[in-house]
Structures are given as C-alpha cells and as structure tokens.
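Because only heavy atoms are used, hydrogens play no part in the values below, and waters and symmetry mates are left out as well, while side chains stay in. Bear in mind that the values here come from a model prediction, so they are computed numbers and not experimental data.
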Amino acid sequence: MSFPLLTATVLAPAIGAVATAVVPSARRTLAKWVALAASVVTAVLAALVLIRFEPGGDRYQLTESHTWIPDFGVSYELGVDGIGVALVALTAVLVPFLIGAGWNDADPKEDETPAGRRWRPTQGFFALILMVEAMVVMSFVATDIFLFYIFFEAMLIPMYFLIGGFGDRAGENSESQQAKQRSYAAVKFLLYNLAGGLIMLAAIIGLYVATSDLPGGGTFSLQAITEARASGELTFAQNTERLLFLGFFIAFAIKAPLWPLHTWLPNAMGESTAPVAVLITAVVDKVGTFAMLRFCLGLFPEASAWATPVVIALALVSIVYGALLAIGQRDMKRLIAYASISHFGFIVLGIFAMTNQGQSGATLYMVNHGIATAALMLVAGFLISRRGSRLIADYGGVQKTAPILAGTFLIGGLATLSLPGTGPFISEFLVLVGTFTRYPVAGIIACAGIVLAALYVLILYQRTMTGPVRPELSRMPDLRPRELAVVAPLIALLIFLGVFPKPLTDIVEPSVQHTLSDVGESDPEPELEARR
C-alpha cells in the first residue's frame with residue numbers, strides 16, 4: 001500500500017492541535033512553537049501533494065478508499081483534483097503565517113480581569129487554528145459526500161470559539177461590551193452556517209435515497225454517482241434534481257458567502273483578531289465556492305444550468321453591493337469584509353459562467369484572493385494593535401512614521417483592487433473574459449466592481465496613511481522583524497502569481513475541463529468566427 005499522503009496532510013495539523021492543547025498553561029511560548037512546527041509540517045506534506053499531482057493524469061489522484069459504514073454506503077474516500085490541490089496548498093501556506101501574525105494575540109493583557117485571563121488560554125487559540133486547518137483540508141480532499149459533510153459542519157465548532165472566545169480586543173468599549181459583541185458575532189456565524197448545513201443534510205439524505213436503485217444500493221461516493229450519471233445508469237427526475245441542487249447550493253452560498261446570505265461575515269471578521277478574520281475569509285469560506293464546483297456542478301448538471309441565470313444575478317448584486325458598502329465603512333476590518341463579499345461575487349460569477357476561462361479564473365481567484373486578503377488584513381491587524389482602534393478616522397499620516405507598514409499596506413490594497421502585476425488581476429481578468437463570452441451584459445455590470453474597488457482601497461489608504469500625522473501616531477513603531485517575516489512572503493507570492501501564473505493555471509485547467517464536461521458545456525465560439 002502506498003503512503004496515505006492525503007490522510008497524513010489532514011492528521012498533521014490535527015495531531016499538532018492536540019499536542020499544542022496539552023502543553024502546560026505556564027509554557028505559552030512552547031505551545032506557540034509546537035503549533036508553528038505542526039503548521040510547517042503540514043505545509044511540507046501539502047507541497048509533496050502538489051509535487052506528486054500530475055495535471056494531465058487521472059481526475060482524482062492520490063486516492064484512498066476504505067469501508068467505513070457499509071450498511072449506509074459511507075466510505076472513507078479521499079482524492080484530489082487540480083482545484084483541490086490548489087486550495088490545499090493555499091490553506092497549508094497561509095496557516096503558518098497566521099500563527100506568526102497572531103503570536104501575541106491570545107496572551108492576556110495586563111489590565112484584563114482574572115476571569116478574562118482564565119478564559120483566554122494561548123494553547124487553545126493555536127490548537128483551534130490547527131483544528132480548523134485539518135477540517136478544511138479534509139473538506140478539500142474528501143470524495144465521499146457524507147465524509148465531506150461531517151467536516152464541513154465540524155469546522156464550525158472551533159471557528160465559533162475562535163470568534164467568541166478570542167475576538168478582537170481593540171476599541172474603546174468596556175471588556176463586557178466587547179464580550180457581548182464577540183458573542184453576538186459568533187452565534188450569528190454559527191446559526192447561519194448550521195441552518196445551511198441542516199438544509200444540506202436533508203439534500204444528502206435525499207441523494208442517498210435517489211441512488212438506492214444502483215446495483216450496490218445507495219451510495220455517497222462522488223465518483224460512483226458521477227460515473228453512474230455519465231453512463232446513464234442513474235437519472236434523476238427533474239424536480240428531484242433541482243431540489244437536491246438547492247439543498248447543496250444554499251449551504252455553500254452561506255459559507256461563501258453570497259448575497260443575501262452574507263450578513264454574518266462583517267460581524268465575524270470585525271470582531272475577530274486579524275489572523276482569525278483571514279482564516280474565515282481566505283480559508284474557511286473557500287470551502288463554499290470549491291464545493292459549488294465539485295458538488296453542485298458535478299452532481300446536478302441540469303439543475304445547475306437551470307439555476308445559472310439566478311445565481312449570476314445574485315453574484316452581480318454581491319459584486320456591486322459589497323463594494324458600495326465597503327466604500328461607506330468607518331471600520332477598517334468591516335471594510336475588508338465587505339470587499340471580500342464583492343470578491344466572492346466574482347468567484348461565483350466565474351463558476352456559473354460555464355466557460356473554461358471563467359472557471360479557471362474563479363479557481364485562481366480563490367487562491368489569489370486568499371493571499372491578497374491575508375496580506376491586507378494582517379497589516380491592518382498590525383496597525384490596529386498599535387493604535388488600539390479599528391476606526392479609519394483615528395488614523396492619518398502613518399506613512400511618515402511607519403513607511404514599511406504603509407508600503408506593505410498599499411501593496412496589499414493594490415492587490416485587492418486587482419492591479420496588473422498582482423495575482424488577483426489575472427484571476428479577475430479571466431472571470432470577466434469568461435463571463436463576457438457567454439453573458440456580455442453580466443460581464444459589463446461586473447466591471448463596475450473594478451471601479452468601486454479602486455475607490456474603497458484608495459480612500460482607505462488616503463485616510464489612514466497620508467496627510468498630517470495625528471499626535472497619537474507620532475511615535476508609532478514600524479513593522480517588527482516577525483511582522484515583516486509574515487507579510488513579505490505573501491507580497492512576494494502575490495507578485496509572482498501576477499507575473500507568472502502558468503504553474504497554477506496548468507494544474508487547474510484539466511479539472512475545469514472535467515467540470516465543464518460534467519455539465520455538458522463548452523466554450524462558445526467567438527462571435528466573429530461564427531459570422532464567418
């Protein structure tokens with residue numbers, strides 16, 4: 001038997017989480033180093049997955065399959081395609097930087113009450129981050145639908161405690177008021193996502209019943225179902241397929257999040273520490289858009305085509321609505337949250353454009369948005385920790401006192417608005433090209449998001465970094481070596497993927513072709529060619 005590389009990649013952060021949690025409470029620094037070591041080991045294993053993956057090979061590679069609950073058709077099945085590999089790599093790359101950025105976030109403050117100190121163990125903070133990483137990686141590699149569902153829902157538990165128990169402590173509100181705000185954000189996050197998960201569970205049960213006529217009985221195997229559908233051995237009644245599609249899609253649209261199911265995200269990101277906010281939008285939320293590609297389009301092609309006009313309309317609303325609200329924000333972290341809602345609109349638009357360029361761009365957007373948001377949010381977190389405020393109005397002239405911090409903030413912001421030469425540019429360009437070839441009006445409307453992104457990013461930079469130096473910021477320290485070590489590699493990666501995206505596109509495109517084949521779509525002929 002070959003080495004179970006995918007299982008090892010899931011187990012490394014899970015074991016690291018347990019090892020971090022059991023470190024004695026008096027040895028906080030040791031717990032941090034254990035967590036960082038576990039995340040680095042996970043990154044090495046993810047690199048091996050990336051190296052062993054062959055873009056021109058089988059659709060699902062490094063597969064593992066073991067019987068788990070045979071009476072109910074549940075198996076332990078793992079496998080990765082190009083899209084899954086890219087997102088596993090993104091997750092594994094980001095988590096070590098998040099741990100480095102949050103190195104002191106869970107340490108008790110000097111003025112904190114004894115109760116606050118008791119309920120903020122450093123070990124728990126880093127153990128929960130590693131546990132989320134393990135569950136997210138499992139979601140990207142699970143090819144048994146029931147197995148995917150378990151981890152899709154289970155990751156809500158550590159995220160709930162990260163938001164509610166280790167939230168942002170910046171601001172002028174009292175400790176009790178901050179605790180109430182964090183609790184509200186955590187509960188809202190949990191309720192929204194639990195509701196979506198319960199709808200999805202009903203759809204999964206319905207899918208099992210619908211596959212009960214297969215020779216082996218009902219199954220949750222993604223590969224078995226897609227092969228049976230392709231061969232004509234399994235067919236769904238039209239209404240059945242559409243209802244099942246909606247059950248899956250609603251859960252993924254909440255996770256993504258897509259308008260109008262997005263309202264939990266600004267609260268969750270605003271009340272979280274900067275590393276946890278990045279974990280939410282750059283890692284956890286990607287499970288939603290990834291699952292749209294793998295499950296919605298792969299399992300329900302006819303229903304996906306049926307729902308496409310509505311989904312595209314929702315994506316366009318997300319793009320414009322999220323950008324407009326970002327422009328009007330006074331809170332720096334909520335601005336980045338609404339910007340992410342706009343970006344997720346681009347991702348969903350690319351997925352449902354049903355073109356090679358659109359879906360390739362959407363997958364690249366998942367990766368590049370994760371890196372760009374991490375760079376911008378982490379630098380914003382460093383800024384907030386120095387001033388103790390998330391309000392944009394409390395800043396000004398930072399570039400004169402902390403030029404490196406201001407420079408990295410600018411680069412992260414320019415990547416967020418998809419400046420040419422950064423990774424998000426090629427992603428957004430492909431999404432727009434792929435959309436325009438099939439839905440030109442939608443492509444034109446989506447272009448408004450580019451203009452609005454320039455507005456909210458440049459306004460944010462102008463109000464915080466330029467102008468006269470506020471007295472409270474006259475002695476603000478610049479980025480420390482640890483902080484620079486966190487941000488610099490992310491910026492380098494953004495520029496590398498913006499200048500040379502070919503390694504990533506080569507991995508992604510074969511999987512996109514398989515997805516388009518599942519839904520029976522191909523790229524439309526250029527209009528000029530058709531006229532000839």
Side-chain angles (χ1 to χ4, degrees), residues 87 132 135-136 138-140 142 144-164 184-208 220 222 240-269 272 276-277 279-300 303-304 306-308 310-315 317-318 321-322 337-338 340-341 343-345 347-349 351-352 362 366:
L87 293 174
V132 171
M135 293 175 178
V136 169
M138 176 60 88
S139 298
F140 290 142
D144 183 276
I145 300 168
F146 193 81
L147 181 66
F148 166 84
Y149 171 78
I150 291 173
F151 288 91
F152 180 84
E153 287 290 88
M155 70 179 71
L156 302 180
I157 299 172
M159 284 306 311
Y160 170 81
F161 287 108
L162 283 170
I163 298 168
Y184 172 78
V187 170
K188 190 173 183 179
F189 162 83
L190 187 64
L191 290 179
Y192 265 72
N193 285 275
L194 273 179
L198 290 174
I199 296 172
M200 181 182 168
L201 178 60
I204 289 174
I205 295 171
L207 181 64
Y208 178 80
F220 293 105
L222 175 65
T240 299
E241 180 170 343
R242 292 178 179 182
L243 287 173
L244 293 176
F245 167 86
L246 288 174
F248 279 79
F249 178 79
I250 291 172
F252 302 150
I254 293 173
K255 182 81 79 177
L258 184 68
W259 183 92
L261 305 171
H262 67 285
T263 59
W264 62 268
L265 183 65
N267 295 100
M269 289 184 66
S272 299
V276 174
L279 191 67
I280 294 169
T281 190
V283 177
V284 172
D285 288 355
K286 297 300 186 299
V287 177
T289 47
F290 163 79
M292 289 181 189
L293 277 166
R294 172 167 283 189
F295 297 107
C296 288
L297 272 59
L299 293 173
F300 315 113
S304 297
W306 162 75
T308 289
V310 175
V311 176
I312 287 179
L314 295 177
V317 173
S318 290
Y321 176 82
Y338 279 110
S340 292
I341 291 170
H343 295 149
F344 276 106
I347 295 172
V348 175
L349 180 65
I351 291 171
F352 282 86
M366 294 184 217

Just by modelled atom types, is the Cys296 backbone N or O under 3.5 Å from a matching donor or acceptor in the Ser304 side chain?
-> yes
Would you compute the distance between atom [atom1] of [X] and atom [atom2] of [Y] and round it to the nearest 0.5 angstrom?
{"X": "Ile254", "Y": "Leu265", "atom1": "CD1", "atom2": "CG", "value": "13.0 Å"}
{"X": "Asn193", "Y": "Phe152", "atom1": "CG", "atom2": "CZ", "value": "7.0 Å"}
{"X": "Leu156", "Y": "Ile163", "atom1": "CG", "atom2": "CD1", "value": "9.5 Å"}
{"X": "Leu194", "Y": "Phe189", "atom1": "CG", "atom2": "CZ", "value": "8.5 Å"}

Any chance the rings of Tyr321 and His262 have centres within less than 6.0 Å?
-> yes
Between Phe252 and Phe290, does the ring centre distance come in under 6.0 Å?
-> no
Candidates Val310, Ile347, Leu314, Thr308 - the one meeting side-chain contact (heavy atoms from CB on, under 4.5 Å) with Phe352 | Thr308
Between Phe245 and Phe249, what is the ring plane arrangement, given parallel below 30°, perpendicular above 60°, and tilted in between?
->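 Rings of Phe245 and Phe249: parallel, under 30°.
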Test Met200 against Lys255 for side chain to side chain contact (heavy atoms under 4.5 Å, CB included), laying out the working first.
-> CA-CA 12 Å; Met200 181 182 168; Lys255 182 81 79 177; over 6 Å; no
Determine, stepwise, if the pair Thr289 / Val348 fulfils side chain to side chain contact (heavy atoms under 4.5 Å, CB included).
-> CA-CA 7 Å; Thr289 47; Val348 175; 4.3 Å; yes
Sequence neighbours excluded, the answer for ring pair (Phe, Tyr, Trp, His ring centres under 6.0 Å) partners of Tyr208 is Phe220
